Structures are given as structure tokens and as C-alpha cells.
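Not measured: the values here are computed from a predicted model.
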Amino acid sequence: MRKVEAEFLKDLNPAQREAVETIYGPLLVIAGAGSGKTRTLVCRLAYLVERGIPSEKILLLTFTRRAAREMIDRASSLLQRDVNKITGGTFHSLCNLMLRQYGSLIGYNSNFTLLDRGDSEDLLNLLKTSLGLSDRKKRFPKKDTLATIYSKSINQLRSVEEIVSSEYPQFLEYLPEIQRLFAEYVAYKREHQLMDYDDLLLNWLKILKEFPYVRKDVGARFQFIMVDEYQDTNTLQGEIIKYMAEDHQNVMVVGDDSQSIYGFRGANYRNIFEFPKLFPNTKIIKLEQNYRSTQPILDLANVIIANSKIKYTKTLFTLKKEGEKPVFLRPKDEAEASIFIADKILELREKGLKLSQMAVLFRSAFHSYELEIELTKRGIPFVKYGGLKLLESAHVKDVISFLKIILNPKDFLAWNRILLLMEGIGPRTAEKIINLLKEEPLSFSFPRILSLSASRKLKSFLDLYMQFRPYSERPSEILSRIWEYYEPLFQRIYYEDYNRRVKDIEGLFSLAERFETLDEFLSELLLEPIEITDYEKEDIDEAPLILSTIHSAKGLEWHTVFIISLIEGRFPSFHSLENEEELEEERRLFYVAVTRAREKLYLISPLMVYLPGEGKVFAKPSRFIKEIPPSLYREISINGKKSFISSFQEKSKEDTTYGSSPFKVGDLVRHPHFGEGEVLEVSGDKIKVNFVNKGPTLLHLKYTNLERL
DNA sequence: CCGTACAATGTTTTT
DNA sequence: CATTGTACGG
């Protein structure tokens, strides 16, 4: 026993070792990118077990379930013993688990239904209609705006009023209606056993706060708590930890303030500094040695973060002094960039590098569209992380709705979706049917509200539905019977692209095979959404290339990394340009992207990009590139066509980013919301206007309807 | 009140 | 570009 312990501890540096061996009391580890954070966590898991802590007393919270699974597996192999009784997962999955058990304390059954983002939006829309808010002459916020406002208010602990007035002033006049709608939303969820993502955190926290005995219970159940990626947790999650560790204080959190990239979800890099306030006597350990990247890559990364307005806590160093400089290039457009990347990837593969050791990273999922086309054309297998999830597609949601009503007959949101699939039943009729279902669950006597054919259709569905109650079959069996019913409807509705969509259904089927019970299957699907390309990797005999949003690439590393679409407006995204906090988050995002690379790094800024509606336009390289001293990278041109490229460079002047501005300083303009004003400044696609009623305001020409007077 | 055909609209990041 | 809203005929 001693021997094994010595063996895995001796690979650690002193700081890591201290983090592993400090097992009692609150501990904060500030761990830079590539500083062996995961190794430290894995060793600590193993060490705890080695010290005789029963593995079921350990709780490990990470940003994906996959990450938790991997760490637990690695700890197992370190110990050569199974430690899979460790509870591992995300905050949301933990809350889900706890609420299934303790939810009754606040009026929830153990079979409550989870709403994903789309479900929440649908519900908000439903309520919006029934409150008569949809047919106003003036525009009421749309469902996704409503969902965003609501979720922000929960996760950032800000009032709806505050959010609307600071970020959506155009809807301020509707504030009372919006608040009423949200009240209805909350009541509806409660009444129908529904919880959205935010409710998972909110309700579990509520129980912890209100029931001291629950805190005792869970404290005894999870005596050692570890939290990864703490910089991306929000106040709510911090509070949850505070209560869960109240009794024993054995809680270790690991994070890196310079890698905080989930501000939009209520996370704040400052949270990490709040931790010692939640837990007095916190011990702090810093990990600053980087084991991942070469010095040239790290030099670039350090400059990016040093240019930040915010002072971060550490500077990374490495012993891997040798290495190639990162490469910067400006292809003429995305097509040329894609060809370059595909060529380079094949070239590296020739040299023996596996496809799975290379990754292409980008700010937003759609930035890789052109590349995907090129890769497909060349037959280079890839998986894409980020972007559309399997269960976000309409046809999959249809199928899921069937499962939902089997599990929770009160899920009228799912009922609604199913009813609308039937020919002859529209929103009004569906509403009527649901009202009947509410009063007298599953009565078959539908008065004359339906046409004969519609009522037959409904009847045949209800007959089928009754066969599933009580449900006992395995999810895959239930699914195949649902498919029998649904397939004809599916054919009618999605006639256009039947083949494409049916593949998703097949994916869903093969996924279902892995589950024993329906609620497991559904929870899993919502808490760890499946990527749409993930199940498609059929009979590929080679581990595929990775395409990923930077957000989804968190915590991962590759030999070679390509970062594409490094142009103003895309990265940094134009959503963040007006807000310094958000711009800083974009910078951290770039930092995260760069530090994923071990040996080779390619930074790519196309000279022209295609914008919907505007065609091909010139693009400025990202400001994050411009501020890096050219000595830190090597700029190359494609096929020696330097002259061609620089001729474009000449034309690409400061203000030509997204087409030039039709306004000049001094112009008098009118804005639909803000009224009249005078143009103060024009730069690129941004314009500063001094409005009579509002004062100086920065606007985006691309999204503003300004009228010259 | 349903279904369809057409226009508008506004595009991050995720549990 | 694909989703979401609107207009209209059945």
C-alpha cells in the first residue's frame, strides 16, 4: 500500500503534491493552463481512497460528466482498483440527483421533467400567447429574448427590472407584463412538475437553505468535495458548495481566473476570490509550471493575458524551451483557409501524427461550415463539438416528447407538441384538449371540439399511450413502438429531408440501447447533450480530427491546434465590442484556445469573409493578433502569393471591415427607439450618436436602422 | 381554426 | 439560412 502511494506521488511537483496531500479543510488551487491540474485532481482522488476514505464519500464536480468519468477512471487505474463509487458529474447533474430524492420537501415528485432551453422558450411562448401578449401593435420581446432575460436574472442574481433597463431598454415599457409573464412561468413549472436548468440549482439551494437536516445528511454522505473549473461557477453554485460542506469544510476547488469564459452564464472570474470568504481559513496553492506547451506558444499566451486590463494571478513558465514559433497566415478567404488546413492536416498525418492529435478551434459553431465542406470533400473524418445538439432538432424533440408524457403525464408542454403533430389539430384545439386532460386525466370522452378525423387520430394515439402506463419496458423498446406510430407523421412533416433527419432518429435509438430506465435516459440526454456529429462516426477506422468551439475545448489539449476566423467581429465577437467586461472574456477565450496547443499552433485570419446579405466583405484581423509583437510569430503566405495578399491588405483599410459607413460626423439621424441625434464618431461598422433624449450612444450599423435627416 | 405560403428577421458561447 | 412571424384561402 505504501509503495503504490509513493509511486503516484513522486511524479508530482511540490505544489501539486501539497494540493494532493491537503485533504482536510478548505483548499483553493489556482492552476494555470497546462499546469497538471487534472493530474493533481486524479492523484488526489486516488490519495483519498488510499488513505482509507470510502469512495462513496467523495464528490467530484466538473464541467462535463465525461470529464468526471475520465478522472475517476484514471484514478482507478492509478490504484489498480475500482473507485467508481465516487459521485462525479456537473453541478446540474448533482442537483438533479439530489432533487429526485429531496424534491418532495418543496413539492416536487421524483419524476419531475427537465426542460431544456428550447422547452423553456416554448413554455414562455405558450404563456405569452395565453396572456394575450403576442398580438400587440408594438413589439413584445420574443421567446428567446425572454428566456435570456429570465435566466440572467436567476444566474446573476439581478432583478428583471435591472436587466431590462440596462440591456433591453426598448422593452422597458413592457416591464410589468414581462414580470407577470415570468411569475406565470414560475407558477406553471411548479404546478406541472417541470424544472429548467436554472431551477435545478435554485431549488436545490433552496432546500439546503431551508432544511438543516438535509445539510447534515448530504454532509455525511459527501465528506470530501472537489470542484474543478471553479472560475466558471456562479454565485448560486458557490452557495451550494458552502452549504454542502458546512459540516466538515473538506472542500477543494481548482480554477484559473485567466480562463474564465462563462460570464454569459452568470460565472464571474472574481468568484474564485470569493471562495476564501465563503470558507474562512482557506489554504491557497498556486500551480504555475506549465507541462503542456513549448516556450514559443507560452510566450504568445503570456502576451495575450498581459495585455489584459485585469491583473491576473500568475505567469506561466515551462521547461520545454525548444519549439516552433506559432504561425500566422491570411488566406484570401475561408475557402483558401480550408484548403490550407486540409493540406496541412494530411501532410502532418503523412509524418505520422494521428488525426485525433489535431484540432481546429473557433469562437462560434458556424465559423467552421466552409471547413467542414472541404474536409468532407477530402474524406477526412472529423467530429464537431459545440453547436447544434442532437436533441435540439425538431424531429428528435418530437420523439422525446412522447417519452416525456409517458414519464410525467402532467407534462402538458410535451402533450402540446405531440398534439400539434396530428393533422387537423392546431394551437387552439390542442389547448382545449389539454384543458380536458388537466381536469380529468386521460378521459376519452372528448366533446364535440374536434372534427371526426382529428378525433379518430387522437383516439388511436391515446389507445397506444395507455399501453405504456404503467411503463416498465426498456427505453429502446418504448422507442421502437413510438416510432411505429410516429413514422407516418414524420414522413408527412419532414418529407423534404427525410433521409438526413432519419439518421438522427437512428442515433437516438442506438443511444437508448445503453439505458435501462426511461428517466435515466431522459436526464442523461438533457444534462449531457449529445453532439450531433458524435454518433455519426460509424465505421471510421481512425480516430477523427476534432473541430470544436473554444468553450467545448476547455480542459483539452492537442499536438497541433488551428484557430480559425481570427477577425474582428467574429473573434472577438461583435456582441462583445461595446462592453469591456465581455471583451476581456473574449481575450480569455483566445488565451484558452492558444494554450490548448502542445507543439504547433496556427492562427488564421481570412482577408475576406462571407456575410449573409452583404456577400463577401473585407475583414480586419482580430485585435488580439494585432497587439502581439510580430517577433512572437512567423507570418507565412500561401504558395508564395504574398504579393496578391498584400494587395488586398492595402485595400483593407481601417474602416472597411464590414463595408463602409454611409454616415459621417455631424450628420443628423433618426433611430426607431432613441429618436433624433447627431453623429459624433464613425469607425468601421460602429457609430456614436448623441441622441437628444439619451445622450451619446454607441451603435452598430449592421443592426441599427438609422435614417439620415 | 387549420395549414400553407411567403416575408422578415437577426444570428455566441452551454448546463 | 433557418427559424419565426404574418397573411390569407379553405
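A:L421 meets the side-chain contact (heavy atoms from CB on, under 4.5 Å) test with A:D398, A:F402, A:Y486, A:L489, A:I493; sequence neighbours excluded. Applying the salt bridge (Lys or Arg N to Asp or Glu O under 4.0 Å) criterion to A:E580, with sequence neighbours excluded, gives no partner residue. Evaluation of the salt bridge (Lys or Arg N to Asp or Glu O under 4.0 Å) rule for A:D196 yields A:K189 as partners, not counting sequence neighbours. A:N268 pairs by the side-chain contact (heavy atoms from CB on, under 4.5 Å) definition with A:R270, A:N271, not counting sequence neighbours.
Distances from the side chain of A:S552 to the nucleotides B:dT14, B:dG3, B:dC2 place B:dT14 closest. Counting only heavy atoms from C-beta on, A:T429 has its side chain closest to B:dC1 among B:dG10, B:dT12, B:dC1. Among the nucleotides B:dT14, B:dT15, B:dT11, the one closest to any side-chain atom of A:H575 is B:dT11. Set against B:dG3, B:dT12, B:dT14, the side chain of A:T549 has B:dT14 as its closest nucleotide. When the nucleotides B:dT15, B:dG10, B:dC1 are ranked by their closest atom to the side chain of A:R117, B:dT15 comes out on top. Nearest to the side-chain atoms of A:Y262 among the listed nucleotides B:dG3, B:dT12, B:dT14 stands B:dT14.
A cation-pi contact, defined as under 6.0 Å to the ring centre and within 45° of the axis, links A:R100 to A:F112.
If you check distances only, the side chain of A:R265 never reaches the base of B:dT15 with a donor-acceptor pair under 3.5 Å.
B:dT14 atom C1' lies 17 Å from atom CD of A:Q259, rounded to whole Å. Whole-Å rounding puts the A:I240 CD1 to B:dT15 C1' distance at 12 Å. Rounded to whole Å, the distance from CZ on A:F362 to C1' on B:dT13 is 12 Å. Atom NZ in A:K554 sits about 16 Å away from atom P in B:dT13, given to the nearest Å. A straight line from NZ of A:K128 to C1' of C:dT4 spans 10 Å, rounded to a whole angstrom. Nucleotide B:dT15 holds its C1' atom 14 Å from the CZ atom of A:R66, rounded to whole Å. Atom CZ in A:F264 sits about 9 Å away from atom P in B:dT13, given to the nearest Å. The CD-P distance, from A:E121 to C:dT4, rounds to 8 Å in whole Å.
Annotation: C:dG5 and B:dT12 have their C1' atoms spaced 23 Å apart (nearest Å). For the P atoms, the distance linking B:dT13 with C:dT4 amounts to 15 Å, nearest Å.
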Please enumerate all protein N or O atoms sitting under 3.5 Å from an N or O of nucleotides 6-8 of chain B, with distances to 0.1 Å.
none

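Taking the nucleotide of DNA chain B with the nearest heavy atom to each of A:E585 and A:M422, the more 5' of the two is matched to A:M422. Between A:R428 and A:H92, the residue whose closest nucleotide on DNA chain B is further toward the 5' end is A:R428.
Atoms CE and CG, on A:M71 and A:L41 in that order, are 5.0 Å from each other to the nearest 0.5 Å. A:T113 contributes atom OG1, which lies 8.0 Å from atom CG of A:L522 (distance to the nearest 0.5 angstrom).
At the heavy-atom level, A:G386 lies under 4.0 Å from the strands shown only through sugar-phosphate atoms.
Among residues at least two apart or in separate chains, salt bridge (charged side-chain N to carboxylate O under 4.0 Å, His left out) pairs with a member in residues 144-153 of chain A are A:K152-A:E167.
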